[in-house]
> 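Structure provided below as structure tokens; questions to follow.
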Amino acid sequence: MERALSLGQEALWFLNRVAPDSAAYNVVYAVRVHGALNVPVLAEAVESTVDRHDVLRSVFTEREGVPKRLISEARLLALDVRDVGDQTESALAALVRAEASRPFDLPAGAPARLVLLRRTPDDSVLIFAAHHLALDLPSQVLVLHDLFEAYRASLAGSAVNWKPLRSTYDDFVAAERRLLDSPRADELAGYWKEVCAGAGTTLSLPTDRPRPARQRLKGASHVFQMPFDIVDKLTPASRTVRTTPARYLIGVFQALLHRYTGQSDFLTGCAAASTMGLNREGVAGYFVNTIPLRARYGPEWTLRDVVHETGRQLREGVARADYPSVLLQRNLAPSGAPGLFPVLVSMISARRGAELLSLAAGGHGAEMDHAGLRLSAFDVPQQEGQFDVTLELIRDSTAIRCALKYDTDLFDEATIHRLAEHYQAFVRAAGENPDRLVTRVPLVDDEEKARLLAFATGQSARPWPESGPQQGEW
């Protein structure tokens, strides 16, 4: 059965055809399972979950130059069990990273895989990898939730109590087509054209190397947990400036980009879910649209001003997030430009009941009981090199997992490590005094000043910290 793709899926299909060996658009959720796991029952639960979600039985291909989704009656995805022996933690992490970075041959099989690495009978890692054109992260978590529910029911000898799916991803594709054929499409296009008119599509971040002629989609990540004192004060700090915690964090990051570049007018992208998405109805798929945020700063702008303006734009923009971002890129990006914006921000907040997202927010090693299993988060680098820099935030009420993903052709680890430290400093500064001028927030603390002074004078000083990920960061 042939199915049409959404415009976002079509764009990702063509990106995959340009770089079929790239894993830059792999979406990966890895979780460690502690205690005995009934592997035959888990394999049976995978079969039930594949039957429920037709995207897991889909092959993506072309018909006369037009990308299509072919739904198979056969199960294209099954649990892949590998006994890896009593590996060290670093060796196990390397095996997980290797699996996460294995590209998908989309025309040849399922756009997802489930791999169980068994270290010992009581210690294993379940890796769920998918190509982004098939699933976004909330959809991936939805599928995993269904899988664990099927496992729990099957282990108890009962039928799984899933709510029937009354919609499919085809309903989203049809809704998108109706929108584009309606007068509303012209209204949305006009709104976004006005937002972007005259804005700079380049951001002069200080790179470590010249930009290559062609983007290679090669990258790396620096993953860290937002310090507890920041998380604890985030909600009251955001209320002080009359915005939400998510918009607050995005606004502060834009202020930091302004300080790094000195540019007073630029665009950043913000990943947003289409309001036509069907996750709430239990449908898995790709529902992401990227909306542009316009940063226009004057010399007297305070952190409060920046956060307030970012919040306003997000409030208005999210309400208009149904307009396909691929059309924004096609119609608004200057000729020859690689895109409309070089920096992306992604924020996912775990709602009540979204246990698996809360687990991800807790970062590597965070633990919870779910579906009768003891699970812990297992961080794995992914979706790297898509943009110059991507800030990914996964938040629940007690933790914020942060990942700065970057193009390794442009940046060194040490540069991104300092960017992460400066971002935390900006968030603290905004909480302590939101009326401080953006230009007056210090980027260099006393320790770094001492190192810089020692370097300039040739005197000895404490060594620079290691720039790469420390043990346990992944």
Side-chain angles (χ1 to χ4, degrees), residues 23 26-53 55-57 74-105 108-131 134-135 137 139-157 160 162 284 355-357 359-360 362-382 474:
N26 285 11
V27 185
V28 186
Y29 189 112
V31 62
R32 197 159 191 166
V33 184
H34 304 273
L37 182 65
N38 190 318
V39 175
V41 170
L42 181 62
E44 182 181 323
V46 169
E47 292 180 356
S48 300
T49 306
V50 170
D51 289 342
R52 177 172 171 81
H53 296 285
V55 68
L56 303 177
R57 293 180 279 110
R75 296 188 184 109
L76 302 177
L77 183 150
L79 182 65
D80 181 2
V81 182
R82 303 177 194 170
D83 289 306
V84 298
D86 192 8
Q87 302 280 346
T88 64
E89 290 298 313
S90 60
L92 183 63
L95 290 173
V96 174
R97 286 196 296 270
E99 191 56 43
S101 61
R102 187 157 57 93
F104 286 93
D105 186 355
R113 54 180 173 265
L114 277 157
V115 179
L116 183 72
L117 302 181
R118 288 201 298 189
R119 184 170 174 251
T120 69
D122 295 332
D123 185 9
S124 54
V125 178
L126 181 65
I127 307 163
F128 183 23
H131 195 281
L135 297 171
L137 178 59
S139 293
Q140 195 175 35
V141 170
L142 186 157
V143 170
L144 276 175
H145 180 270
D146 284 351
L147 171 63
F148 286 130
E149 288 302 306
Y151 176 80
R152 175 162 54 186
S154 192
L155 202 60
V160 61
W162 285 328
E355 294 89 355
L356 293 173
L357 270 180
L359 184 65
H364 193 88
E367 294 190 2
M368 66 178 294
D369 292 315
H370 182 72
L373 297 169
R374 187 63 180 172
L375 307 176
S376 64
F378 200 104
D379 271 342
V380 54
Q382 57 181 290
W474 293 131

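For reference, positions follow the sequence shown, starting with 1.
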> Out of curiosity, E89 CD to F378 CZ, how far, rounded to the nearest 0.5 Å?
6.5 Å

> Sequence neighbours excluded, which residues qualify as side chain to side chain donor-acceptor pair (under 3.5 Å) partners of R102?
E99

> Check whether any side-chain N or O of R75 sits under 3.5 Å from a backbone N or O of R57 as a donor-acceptor pair, and report yes or no.
no

> Who passes side chain to side chain donor-acceptor pair (under 3.5 Å) against H131, sequence neighbours left out?
none

> Considering only distance and modelled atom types, tabulate donor-acceptor pairs under 3.5 Å from the side chains of residues 121-128, sequence neighbours left out.
from	atom 1	to	atom 2	distance (Å)
D123	OD1	R32	NE	2.8
D123	OD2	R32	NH2	2.9
D123	OD2	R119	NH1	2.7

> May I ask you to decide if the ring planes of H145 and H370 are parallel, tilted or perpendicular, using 30° and 60° as cut-offs?
tilted

> Kindly say whether S101 contributes a backbone atom to a donor-acceptor pair with the side chain of N26 at under 3.5 angstrom?
no

> Could you walk me through whether V33 and L375 pass the side-chain contact (heavy atoms from CB on, under 4.5 Å) check?
CA-CA 5 Å; V33 184; L375 307 176; 3.9 Å; yes

> Once rounded to the nearest 0.5 Å, what's the spacing between atom CG of L92 and atom CZ of R97?
10.0 Å

> Write down the atom of R152, the atom of G372, and the distance for their closest heavy-atom approach.
NH1-N, 4.3 Å

> Judged by atom type as modelled, is there a donor-acceptor pair below 3.5 Å linking the side chain of Y151 to the main-chain atoms of N38?
yes

> Can you sort out the partners of D83 under side chain to side chain contact (heavy atoms under 4.5 Å, CB included), two or more places apart, ordered by chain and number?
R118

> Considering only heavy atoms from C-beta outward, does the side chain of L42 approach that of L147 to under 4.5 Å?
yes

> Heavy atoms only: give me the nearest A284-V143 pair and the separation to one decimal.
CB-CG2, 3.7 Å

> A100 and V380: which non-hydrogen atoms are nearest, and at how many Å?
CB-CG2, 3.5 Å

> Do the non-hydrogen side-chain atoms of L114 and T49 ever get within less than 4.5 Å of each other?
no

> Find the distance between OH (Y29) and CG (L357) and round it off to the nearest 0.5 Å.
7.0 Å

> To the nearest 0.5 Å, what is the distance between CG on L117 and CD on Q87?
9.0 Å

> Can you tell whether the side chains of R52 and D146 come within less than 4.0 Å, N to carboxylate O?
yes

> Within the side chain of S139, is there an N or O that forms a donor-acceptor pair under 3.5 Å with the backbone of L135?
no

> Shortest non-hydrogen contact from A371 to F148?
CB-O, 3.5 Å

> Mind checking what makes side chain to side chain donor-acceptor pair (under 3.5 Å) contact with T120, not counting sequence neighbours?
none

> What pair of heavy atoms forms the shortest contact from L77 to L56, and how long is it?
CB-O, 4.1 Å

> Using side chain to side chain donor-acceptor pair (under 3.5 Å) as the criterion, list what pairs up with E44, not counting sequence neighbours.
S154

> Between S376 and H34, what is the shortest heavy-atom contact and its length?
OG-NE2, 2.8 Å

> Could you state the interatomic distance from CG (L359) to CD (E355), rounded to the nearest 0.5 Å?
10.0 Å

